[in-house]
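As structure tokens, the structure follows; a few thoughts come after it.
Residues: numbered from 1 along the sequence shown.
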Amino acid sequence: MKLAKTIEIKAPRAKVWAALVAVQNWPLWTESITRIERLDDGPFGMGSQVRITQPKLPVLAWQVVEFEPGASFAWQATSRGVTTLASHRVAETAAGQSTVTLAINQTGPLASLAGLALGWLTRRYVDMEAEGLKRFCESGT
């Protein structure tokens, strides 16, 4: 299963990036995440690990496998025959405005089955995360 959601945000790239990498705060702006716990210390970046709790899904440990400061990161988790790569990319489109693309790519022997069973929920959560990030970054916080 592959899916992507792109959204325009009326906020500078630096503000959007700061919200994305402050992963422990995601539950403040998206209902798709109940809890994110950092499993390591130091700045968020390549190799960072988190444990994510989401409604209706198993708790998973994710590790950052791609990291371009100020622009993008991707993390990966494996569970029950499915490896999920979730990428987060932010780009400045005009002064004070950004475009964010959130993407999911699932591979592995059970990926197509997982896509059939949970594809609707995955799409819903990606939409919730994009819209929540937009509201959060466009607010005065």
Residues at least two apart in sequence or cross-chain that pass salt bridge (Lys or Arg N to Asp or Glu O under 4.0 Å) with Arg38, listed by chain then number, are Asp40
Short side-chain to backbone donor-acceptor contact, Trp26 and Arg35, under 3.5 Å: no
Minimum heavy-atom separation for Pro58 and Arg80, please, with both atom names. CG-NH1, 3.6 Å
Does the pair Lys10/Glu138 count as a salt bridge with the N-to-O cut at 4.0 Å? no
Work out which heavy atom in Leu102 is nearest to a heavy atom in Ala130; give both atom names and the distance. CD1-N, 3.6 Å
Mark yes or no for whether Lys5, through its side chain, and Asp127, through its backbone, hold a donor-acceptor pair below 3.5 Å. no
Under a plain distance cut-off of 3.5 Å, with no hydrogens placed, do Thr83 and Thr107 share a side-chain donor-acceptor pair? no
Sorted by chain and residue number, the side-chain contact (heavy atoms from CB on, under 4.5 Å) partners of Ala103 (sequence neighbours excluded) come out as Ala4, Ser87
Does Thr93 have any side-chain hydrogen bond (donor to acceptor under 3.5 Å, both in side chains) partners at least two apart in sequence or in another chain, and if so, which? none
Test side chain to side chain contact (heavy atoms under 4.5 Å, CB included) on Ile33 and Thr53 and set out the steps. CA-CA 6 Å; Ile33 306 274; Thr53 305; over 6 Å; no
At their closest point, which heavy atom of Leu3 faces which heavy atom of Val126, and how far apart are they? CD1-CG2, 3.8 Å
When you check the side-chain N and O atoms of Ser98 and Glu92, is any donor under 3.5 Å from an acceptor? no
For Pro55 versus Leu121, what's the shortest heavy-atom pair and its separation? O-CD2, 4.4 Å
If you count the non-hydrogen atoms of other residues, nucleotides and ligands that lie under 6.0 Å from CD in Gln49, is the total more than 12? yes
Are Thr30 and Glu129 linked by a side-chain donor-acceptor pair shorter than 3.5 Å? no
Shortest non-hydrogen contact between Glu8 and Lys134, atoms and distance: O-NZ, 2.8 Å
Any sub-3.5 Å donor-acceptor pair from Thr122's side-chain atoms to Leu118's backbone N or O? yes
Can you tell me if Lys2 uses its side chain to pair, donor with acceptor, with the backbone of Ile104 under 3.5 Å? no
Short side-chain to backbone donor-acceptor contact, Ser139 and Phe136, under 3.5 Å: yes
Contacts of Trp17 that satisfy ring-ring contact (aromatic ring centres under 6.0 Å, His included) - sequence neighbours left out: Phe67
Going by ring-ring contact (aromatic ring centres under 6.0 Å, His included), name the residues that satisfy it together with Phe44, two or more places apart in sequence or in a different chain. Phe73
Examine His88 together with Trp62 and report whether their ring centres are nearer than 6.0 Å. no
If you look only at pairs with a residue in residues 93-112, which of them pass as a ring-ring contact (aromatic ring centres under 6.0 Å, His included), with sequence neighbours excluded? none
